[in-house]
Every structure is written in C-alpha cells, then in structure tokens.
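These figures come from a predicted structure and were not determined experimentally.
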Amino acid sequence: MLFLNSVRQAPGVRSAMAVAVSALALGGHQAVWSADRDAGLEPVVVTATRVATPLSKVLSDVTVLDRSDIERQGSGGLVDLLRRMPGAEFSRNGGPGGTTSFYLRGAENRFTAVLIDGVRVDSQSTGGAPWEAIPLSQIDRIEIVRGPLSTLYGSDAIGGVVQIFTRRGKPGLQAEAQVGAGSRGLAQAQASVGGGNERWDVSAGFASEYSKGFDSTVRTSSSNVPDDDGYQTHTANGRLGWTLNDDHRLEVSALSSRWDTRYDASRTRPVDDHSLRELDTTAANWQARWSRLWNSRLQLTQSDERYETRPSPYQTHTKINTYSWQHDVVLGVHALHAVLERREDKLVNSSLVASPSRGSGDRSLDSFGLGYGLDVGAFSLQLNARQDDDSEFGRHGTGSAAAGWRFAQGWQWRAALGQAFRVPTLYQRFSQYGQASLRPETSLNHETGIDYRKGDTSFGATLYRNEVEDMITFSTPGVCIDTRNCYRNTAQALLKGLTVHGETLLGKVRLSASVDLQSPKDVNTDKLLARRARQHATVRADTDLGAWTLGAEVLASGYRYNAAANTAAQKLGGYALLNLDAQYQINKAWRLLMKLDNALDKDYQTAQNFNSQPVTAFVGLRWTLDR
C-alpha cells in the first residue's frame, strides 16, 4: 500500500509523495520512477505493493536496477544481469538463448512471477517465465522483490516477483543508437526514439544481436555435436500514451522478441538443431484520478509465448489474458487498496494426450484482493488478503502481514508473514506425464530484516524461512500414462537463509556487495534442491577518472548438485568469476563501452554437461540525444 501521512511528514517527503501520487495517476508506473529521479527525490517502488511507495517505507527486500545498470551489461540475456543481484541464482544449457532457470531465494524457476509493463509472462508447459526470450535491450528499469507476494499477484509468486519496465517517451525528443562487436562473432545493433508534449508521448525501439557462440555441451556428453552453438535475436517494442486531461490517461504498449538458438540434441544425428522462441506482450490501460484521494487503474494485457524445436517436431504455445481493475484510496494516515482480476491461460501442446480437448487445455482464475496500509510516525503496517477462484481447483485464499519501525534516522526494522501458492501447469496435469489430481503448491514464509539508507550508503539484511508444501516433482511412476516418470505432489521444501547486501562511496570508489547464505532443501530427504548452492556472493567496485568510468566485479558461488539425489557424480563445483568493464565519454552525445566477462576464462557449469560462457570481450559505441 502507499503509505502517506500528509500531516506529519517533512516538506521534502510530502513533495516526494505528491510526485509519486500524481505520476501514478497520470503517467503510469515508469513515470513514477522518472519524475522522482529527475527531481532528485527519494525513489519509489511499485511492485512491492502495486502502488507507488517510497523506497524507505517498503516493507520487503527490494532491488531496483536502472538503465545505467542495464547498459553496463552490454550483451547477453536478462539473467546475466539478474544473477548479480542478492538472492538470485541461475542455470542455463549453454550460452544466451539456451534453456534457462532462475532461482530467487532458492525457489523453483516457476515460483517467481514475472511481469513486463504489467503483463504476466508465464509458461503453461514447464512453468515459469521464458527468461531466455526476454530482451535486455528494451528494458529501462527492473524491480526485484524477494519473498512471497501471492496476496498481490495470485498464483506463481512463492519466491518473489520480477517486474520489467520498458521505456516511455518524455517531453521533447530522445534518441539512442548503439553498435557493438565482440568475441565469437558477436555483432549487435540497437536504436530507440521517443518524445512527447503535455498530452502525447511515444517511444519505439528495436535491437538485433548475433553470435557464433561456443559448443554448448561438453565433449563427453552423449548429446555433444562438436560445433559452435550460436544464436540470433531480433526484438522490438513500442509505447503510446495520451493524457486526456489532468485526471485521465490512456496508454498502450507492445513488445516482441524472437530468438533462434542452436543446440546439441544427439551426436548420433549430427545436424544443426534449433530452438525457436517467440514472446509477444501487449497492454492497454486507463489511469484515472477521481478525486484528491482516489485513483484507479483499468488494465487489459496479453502475453503470447511459443517454443519450437527443429528439425525435431516439438511445439508448445502459451497464451495468457489478464484483466485487472485496481482502486487506491488514501485517507490521511490510512491507505486502502482493492483489485478485481481475471486471468485466462491457454496451452496448445501436442503432448497433452489426456486433456479434455486433446492437444490443448485452458483454465481461468478470478481474483479479488484487499489491502490496508497505515503509516503513523515511525511505524508502518501493511495487511493484504486475496481470494483466487480457479476454474479447476476452486477457491484459494492467501493473506499477509508486514510491519516496519523506523527506529533511527535512516534505519528501519521490518518483519513479515505471508502465504503463497502456485497452481499446477496444464502440462503437469494433462501430458503423458501428468495427473489431473495434482494439488496446488503452497507456502508459508516468515522473515525479518533491517535496512539502512542515507546519502550514498545503503545496507540491508533479511533472515527468511519459506516452507513449501505439496511441491510437484518429476519422479517415479504413478498413475500417469507414462510408465517411467510422473508429475507428483511428493516433496516438501524448506527455503531458509540470510541475504545481506549494501553499497557505499569510499572516496571516489563506489562499492557494492551481497552475500547469500541459504539452505534450500527437500524436507523429506534433507538434500539440497537441484542446481542451488549453499552460498553465493557478488562484490563490485567502480570509479570515475576524468572521462573514464572503470568497473570490476567478482561473482562467486559454492558447489551445487545437478539433481535432487545429491550424488558425487552430480556435483557441480563452485566457481568465482572476474568481470571488467569501462566506459569513455567522448563528448555529450557519444560514449565508448567496453566489457570483459569471465576475464580469467574460468571453466564451470551451472547445468551438468553444459558449457558456460568462456572469456568474452565486447566493445560498443553509443550515441544519445536528449532535448
């Protein structure tokens, strides 16, 4: 909830609050961040509460990435950037474009809800977002909220939520273009343009990237074909907004991404195997301010995700339509929030042999959520409840409570208790490996944390314990059609750990670091969940030297096991990677970008028998116009 205290807040905070409320009502989520940042005020976060909340009053463990963080990444995929964040791990079959899983606080890939400009992105086959298909070049800002948020977003948000915001035009004219090249034939080109006035704003962008890649599988693997497995991708996005008057705004946005990635299917058939991934999202929303105290937002969205392999004939297609109507009311120190939402999922997959309509399946989810926020002096409270009515599983209720105490200047203690759930995918229920009787996966999380923010220094520490019941695993034979393996509600997981992160300015050097100490285990076997380490950490330093900006970072991870059995043969060694980057500001418009990833050429695996990216150099030239 948006915590406002117009009577007791200091004038500077009141100004920040006013910017947040006005931007949310008239300019959308991205305008909140832009207006706040441009005015030099405290940043606000949308994802943690579904409304704009000053960062210092968010009662969740949150990370916000802006455009400068994204540009520093240079090339590659979204997870190459996110893996540097607190609480985040990933595994990938080869290089960018390979099948990717993202683990937040040790939770399964399907337990992180992903939104692009408010559009829910998910797969009804394996479950979880198609991370390898989300284009990094089109992103302007990312908000990562660690912890369960089903009381706000319904199914999926057991481990957390990642929300991605694309660019929006600002008054005047903005334009950018970038070309780059790198190791193994990497070639990149991207451009964007935007602008607007007091009524209209528009933005559009495109990007293309190609790489010859590297051999995705190790030579000893039964599927290895000794060749380079490269990729090519083409992405585009657009956004158009119309501010009708001081109280009403209409906006539409769209994004399209196409990936063609080569991979090794079998050495007995030495041909070029391709995985083709398509992702399209569209959104239309109407934002209204009905009074000084009451705002609403009506949004219609669609995501369309397709995956196909060639020459092997496999195809799967997930379409999600979402309709939401949200209302926010602020009454002095009290804030009220209500949302009506409907989600419709459809899967087309030839493997759905047991579905009601052979080869396809669908479901719907109708939801009603309520929230209450209180902000009095140094104390904050947030209560949320949500009722989801699934067409297959009936009603499912979730609740959460969070409290915060700002006990000294810059310091806040917080604690939270929350429920979450994930309904089985249509593939898990109706494929040859599925069981229609599968139950939703549920969780109960409790955590406590402390945050400090003042000037250039910030610090956060969160201790959490997330208990997951009825976890679905692909295990021994059951009552499914296949005689070898079935999806079953067999596991209970305990995801517990400590996340510590911070940043500061030491002289002219900006320092940041995060450490995760965790124990993501199967309760029944007391073994680590697959491909998750007990500890991982990131350390980064960068500085400005005249026209140069120089940076270095170390990414480290402990050992993991490739499978839940945790045998010695499945053990994946720990690693530490050194990445270097530099930027040179040629003049106001032109900038030179340089990056060296895995500078020491460390040989490591995040998925057994799949190579990870070796030392990779990238050089780019960027032109920017803003007037």
Counting only N and O atoms by type, is there a donor-acceptor contact under 3.5 Å from the side chain of S60 to the main-chain atoms of V62? no

R167: which of Q138, Q174, E176 passes side-chain hydrogen bond (donor to acceptor under 3.5 Å, both in side chains): E176

Just wondering, do R540 and D581 contact through their side chains at under 4.5 Å, heavy atoms? yes

Looking at Y559, does the NZ or CZ of R534 lie under 6.0 angstrom from its six-membered ring centre and within 45 degrees of the ring axis? no

Do F407 and W413 have ring centroids that are under 6.0 Å from one another? no

Hey, are R262 and D215 close enough for a salt bridge, meaning a charged N less than 4.0 Å from a carboxylate O? no

Regarding R141 and the six-membered ring of F165, is the cationic atom NZ or CZ under 6.0 Å from the ring centre and inside 45° of its axis? yes

More than 12 heavy atoms from other groups under 6.0 Å of CG on D603: no

State which residues pass ring-ring contact (aromatic ring centres under 6.0 Å, His included) with F459; sequence neighbours excluded, sorted by chain then number. none

Between R414 and K57, is there a side-chain heavy-atom distance shorter than 4.5 Å? no

Side chains of F214 and Q613 in contact at under 4.5 Å (non-hydrogen atoms): yes

Crowded around L173 CG? As in, over 12 foreign heavy atoms under 6.0 Å? yes

Do I164 and D117 touch side chain to side chain, with heavy atoms closer than 4.5 Å? no

Mind checking whether R531 and Y103 have side chains closer than 4.5 Å, heavy atoms only? yes

Check whether any side-chain N or O of T233 sits under 3.5 Å from a backbone N or O of R258 as a donor-acceptor pair, and report yes or no. yes

Do K508 and D544 sit within salt-bridge range, that is, some charged N less than 4.0 Å from a carboxylate O? no

Side-chain heavy atoms of R277 within contact of P130, under 4.5 Å: yes

Sidechain N-carboxylate O distance under 4.0 Å for E89, R83: no

Backbone N or O of Q608 within a donor-acceptor pair of the N562 side chain at under 3.5 Å? yes

Would you say that more than 12 heavy atoms from the other residues, nucleotides or ligands in this model lie under 6.0 Å from the CH2 of W411, or not? yes

Is there a donor-acceptor contact under 3.5 Å from the side chain of T235 to the main chain of S256? no

Can you find a heavy atom in the side chain of V161 that is under 4.5 Å from one in the side chain of E143? no

Hey, is E447 close enough to R105 for a salt bridge, meaning N to O under 4.0 Å? yes

With side chains defined as the heavy atoms from C-beta onward, is the minimum distance between P614 and R184 less than 4.5 Å? yes

Apply the test salt bridge (charged side-chain N to carboxylate O under 4.0 Å, His left out) to residues R67 and D69: give CA-CA distance (whole Å), side-chain angles for both, the deciding distance (0.1 Å), then the verdict. CA-CA 5 Å; R67 185 61 199 173; D69 299 307; over 6 Å; no

